[in-house]
Amino acid sequence: MEDTSPRGVFRIGPIRPPSEADSLLLQITNGCTWNRCKFCQLYRHTQFRAYSVDSILADIDRICSIVEEVKTFHRSGKWDIDGLNEKLGMMDRETGQCFYMVANWCIAGGRKVFLQDGNSIILRGGKLTTVLQYLRRRLPMVERVTTYGRAENLSRFTAEDFVELHEAGLDCIHSGFEAGFDKVLRMVNKGVTSAQQIAAGRMIKAAGIELSVYFMPGLGGHALSLDNAQGMTRVVNACQPDFVRIRTAAVKPGTELADDLREGIFTLASEDEKVKEIRYLVEHGDFDGCIVSDHMINLLQDVEGHCQRDRAYMLGLIDAYLQLPQRERKIYQMMRRMVRAVRPADLQTLSHDEYEQYGTLADRMTDEEWNARMNTMISRYI
């Protein structure tokens with residue numbers, strides 16, 4: 001297909017992990033190949049499409065042209081920010097968005113690239129290898145290339161496939177495992193088994209590619225809370241990821257999981273149950289990697305560190321929270337969900353009147369009502 005994108009414009013997808021904030025975004029697919037998880041609606045109305053290699057290479061060429069233009073604003077070791085902004089102000093919205101991204105990327109060092117969208121690893125048959133090699137050749141300053149990969153698809157790769165991708169320049173794969181207990185995986189229609197997650201993870205690690213997986217405490221609801229924690233811990237211990245990133249589960253309106261909640265098929269886990277799931281992972285995790293809490297939806301965002309070396313530190317933070325009186329825990333939950341607090345110590349910033357206002361609200365609600373209120377507030381940030 002002939003590429004008709006205007007000069008200076010390249011495709012940019014809707015999402016990237018928080019850890020890729022300084023990365024250049026290069027979209028090589030659109031949407032998600034599975035698109036049936038009950039808790040997710042991000043790509044629900046987007047038909048999956050893998051872009052042609054020629055069009056991706058053309059986007060890389062456009063990015064390189066913008067890089068050269070941006071470099072003219074770097075003089076005597078300093079960036080001419082006013083000049084960049086003036087240039088940006090003369091552009092239309094689409095061209096300006098691309099220029100702005102590349103300029104910020106260059107200012108940040110121009111070292112990382114993230115390949116979008118939800119399952120870009122699906123570009124098979126040597127196509128992704130071609131893209132990676134071309135990207136590395138045209139932008140030699142790049143030190144790290146990362147992408148999303150769906151575990152079920154990853155499990156179909158061979159060990160040799162991953163070695164080829166690593167040698168071509170792929171450094172890290174993010175994969176949304178979400179859960180590791182098969183009953184939970186089936187319940188939310190994840191379309192993968194824990195055995196497939198483990199197989200994929202082991203091959204990725206054996207190839208020398210960094211593996212970052214995601215865990216959703218609360219995804220099993222109240223009934224499967226402990227199972228959810230135990231299953232995920234078993235999976236990560238078996239495949240030894242470099243990072244386990246915490247993404248607290250929330251039931252968002254419009255999803256199939258919201259339908260299950262309304263019909264009584266699914267019952268929300270409480271905030272404390274979610275924290276206890278994380279505690280189980282911290283206590284029983286046995287992998288040489290880090291637990292990362294890099295999203296504001298997590299209640300205790302300070303709970304992160306190396307699984308083994310920082311275990312006592314993380315358990316101390318969790319236990320300090322769990323030992324608070326229930327009323328104080330609920331007040332902190334409300335503060336956190338209102339972005340009034342980052343850690344339980346911020347309870348001390350409340351005036352007496354505010355403390356009692358939040359406390360009275362907690363006192364008046366049943367546990368079910370409180371869990372529903374917290375879920376609604378978390379959903380706003382997804």
Side-chain angles (χ1 to χ4, degrees), residues 13 15-17 19-20 23 26-37 39-40 42-43 48-51 56 113-132 144-182 184-186 188-216 219 231-245 247 287-289 292:
I15 63 166
R16 49 97 181 133
S19 58
E20 302 295 331
S23 295
L26 176 65
Q27 189 176 27
I28 65 175
T29 61
N30 184 35
C32 173
T33 51
W34 177 246
N35 208 13
R36 283 175 269 176
C37 296
F39 56 86
C40 180
L42 180 62
Y43 299 112
F48 180 81
R49 177 185 177 188
Y51 294 113
I56 299 168
V113 176
F114 182 74
L115 309 178
Q116 298 173 299
D117 262 344
N119 191 24
S120 295
I121 202 77
I122 199 68
L123 208 64
R124 300 286 298 276
K127 295 178 182 179
L128 184 54
T129 298
T130 299
V131 169
L132 288 165
R144 180 179 172 86
V145 181
T146 306
T147 189
Y148 276 132
R150 177 174 149 72
E152 190 270 338
N153 294 113
L154 294 169
S155 71
R156 299 183 193 178
F157 280 51
T158 65
E160 291 74 22
D161 289 333
F162 288 117
V163 170
E164 177 182 311
L165 291 174
H166 184 46
E167 291 177 347
L170 183 63
D171 299 292
C172 176
I173 294 174
H174 289 264
S175 190
F177 283 17
E178 270 71 88
F181 187 62
D182 286 311
V184 175
L185 292 169
R186 289 192 299 270
V188 299
N189 199 27
K190 193 74 177 97
V192 70
T193 66
S194 61
Q196 289 173 315
Q197 292 173 334
I198 293 169
R202 284 176 170 170
M203 286 190 291
I204 291 166
K205 290 288 293 178
I209 298 175
E210 191 175 272
L211 176 62
S212 175
V213 304
Y214 292 77
F215 171 44
M216 284 189 172
L219 191 60
M232 189 66 187
T233 303
R234 181 183 66 86
V235 166
V236 299
N237 286 349
C239 67
Q240 295 288 304
D242 297 276
F243 300 98
V244 176
R245 300 184 185 277
R247 292 290 184 274
F287 60 97
D288 187 19
V292 181

With distance as the sole test, does [X] use its side chain to make a donor-acceptor pair with the main-chain N or O of [Y] at under 3.5 Å?
X	Y	value
D171	V145	yes
N189	R36	yes
D242	G289	no

Quick test of your reading: applying salt bridge (charged side-chain N to carboxylate O under 4.0 Å, His left out), list the pairs with at least one residue in residues 116-128, sequence neighbours left out, ordered by first then second residue.
R124-D161

Nearest 0.5 angstrom please: [X] [atom1] to [Y] [atom2], how far?
X	Y	atom1	atom2	result
L154	Q196	CG	CD	10.5 Å
Q116	N30	CD	CG	10.0 Å
R150	R156	CZ	CZ	8.0 Å
E167	I209	CD	CD1	10.0 Å
C239	F177	SG	CZ	5.0 Å
I204	I173	CD1	CD1	4.0 Å

Is there a side-chain contact (heavy atoms from CB on, under 4.5 Å) between F243 and H174? Walk through the geometry before answering.
CA-CA 9 Å; F243 300 98; H174 289 264; over 6 Å; no

What's the verdict on side-chain contact (heavy atoms from CB on, under 4.5 Å) for I15 and Y43, showing C-alpha distance, side-chain angles and the deciding distance?
CA-CA 11 Å; I15 63 166; Y43 299 112; 3.4 Å; yes

Chi angles and distances behind the side-chain contact (heavy atoms from CB on, under 4.5 Å) call for V184, E178:
CA-CA 9 Å; V184 175; E178 270 71 88; over 6 Å; no

Counting C-beta onward and ignoring hydrogens, is there a side-chain heavy-atom pair between [X] and [Y] closer than 4.5 Å?
X	Y	answer
L128	L165	yes
Y214	P17	yes
F48	W34	no
T33	E152	no
Q197	L185	yes
L123	L115	no

Please check if any side-chain donor atom of R234 sits under 3.5 Å from a side-chain acceptor atom of S194, or the reverse.
yes

Can you see whether T193 engages D182 through a side-chain donor-acceptor pair at a distance of less than 3.5 angstrom?
no

Which pair of non-hydrogen atoms, one from T29 and one from S120, has the smallest distance, and what is that distance?
OG1-OG, 3.1 Å

Nearest heavy-atom pair of S175 and G149: which atoms, and what distance?
OG-O, 2.7 Å

Show, in sequence, the C-alpha distance, side-chain angles and deciding distance for V188 and C37, and conclude whether the side-chain contact (heavy atoms from CB on, under 4.5 Å) test is met.
CA-CA 6 Å; V188 299; C37 296; 6.0 Å; no

Set of residues satisfying ring pair (Phe, Tyr, Trp, His ring centres under 6.0 Å) with respect to F157, sequence neighbours excluded:
F162

